[in-house]
Amino acid sequence: MDDRILDGKKVAAAIRGEVAGRVAELGKRGVVPRLDAVLVGDDPASRVYVGSKARTCAKLGMASETHHLSGDAPQEEVEALVDRLNADPEVDGILVQLPLPDHLDTHAVLDRIDPAKDVDGFHPVNTGLLQQGRPALVPCTPAGIMEMLRREGIPIEGRRAVVVGRSDIVGKPMAMLLLHAHATVTLCHSRTRDLAGVTREADILVAAAGRLAIIGPEHVKEGAVVIDVGIHRITDRSEVERLFPGDAARMERFESKGSVLAGDVDFVRVAPLASRITPVPGGVGPLTIAMLMANTVRAAAARRGH
Ligand code: GUN
């Protein structure tokens with residue numbers, strides 16, 4: 001593989017290996033880390049994510065349980081479930097799959113999770129600890145990106161980092177982690193003026209806007225490290241041809257599956273400029289679940305005094 005490609009699958013496998021070792025250690029002391037997922041409704045993507053989290057737990061020797069509530073479950077029912085999981089000493093990590101159906105108050109549900117079991121790092125206590133640079137459970141996607149940068153020996157201190165996208169799940173915690181690693185950080189969003197002018201300053205550019213191919217060559221300085229958090233399923237043939245011209249393998253995948261995945265970065269046009277770049281799929285995606293497992297083991301060890 002082109003050695004400029006940042007291989008998230010490889011880094012995720014290394015993290016999972018270390019987590020499995022830690023699980024085995026805890027096992028000797030009678031502790032089996034357990035992750036409980038709460039899934040409300042039948043969003044197909046959410047079902048896939050939750051299923052894959054449960055399978056990864058099993059592979060690493062961890063316990064897991066999925067609690068599936070109907071799409072019209074009232075707020076009280078979801079909160080009562082969270083209360084029950086908070087009170088269950090066997091449960092180390094609680095993950096409420098987002099997005100929740102519109103009738104539910106997401107903040108009220110997340111605020112109810114015991115911060116010590118909040119393996120997504122979405123509770124305001126963990127968000128506040130992260131902001132202050134104190135030990136916390138950190139959201140998995142940005143935590144995974146920091147792990148990848150560290151393991152790949154990409155320097156951060158003193159460099160310019162630009163994050164595009166200000167979500168609570170990725171953009172904001174990503175900016176905070178880069179800041180604590182001593183980067184000079186700029187956080188851009190949909191109302192940023194002259195986006196390309198700002199992103200061209202970046203030594204490290206993190207695209208987490210949730211918009212297909214929003215980052216083109218005009219946004220990237222030569223030699224930048226480009227991290228693509230976006231994941232979009234393209235079902236339109238002309239879009240595949242536009243983004244991946246002459247890519248026979250990708251077209252073949254499109255013909256057989258009816259879709260291909262692409263990110264927030266126009267990979268074909270940006271890759272020649274970048275010193276390192278994550279692909280989609282196989283870049284940031286695999287890191288997120290690996291870090292969820294790492295957070296769960298950490299929560300188990302901390303809660304149970306190991
Ligand atoms: N939906 C999209 N990303 C995430 C995530 O990291 N955690 C949860 N719980 N839901 C999500």
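Order of listing sets the numbers, starting from 1, for every ligand and every atom in it.
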No-hydrogen, no-angle side-chain donor-acceptor test under 3.5 Å, T235 and S259: no
Could you tell me if T184 and R160 have a donor-acceptor pair between their side chains, going purely by distance under 3.5 Å? no
Extract all N/O-N/O pairs under 3.5 Å that connect ligand 1 to the protein, and present each with both atom names and the distance rounded to 0.1 Å.
residue, atom, partner, partner atom, Å
ligand 1, 1 (N), Q97, NE2, 3.4
ligand 1, 1 (N), L98, O, 3.0
ligand 1, 7 (N), D120, OD1, 3.1
ligand 1, 7 (N), D120, OD2, 3.2
ligand 1, 9 (N), V96, O, 2.9
ligand 1, 9 (N), D120, OD2, 2.6
ligand 1, 10 (N), Q97, NE2, 3.3
ligand 1, 10 (N), L98, N, 3.0

Are R303 and D114 ion-paired here, with the side-chain N under 4.0 Å from a carboxylate O? no
Identify which one of V23, L35, V19 satisfies the side-chain contact (heavy atoms from CB on, under 4.5 Å) criterion when paired with T296. L35
Does atom CZ of R29 have more than 12 heavy-atom neighbours, drawn from other residues, nucleotides or ligands, at distances under 6.0 Å? yes
Side chain of D266, backbone of G216: donor and acceptor closer than 3.5 Å? no
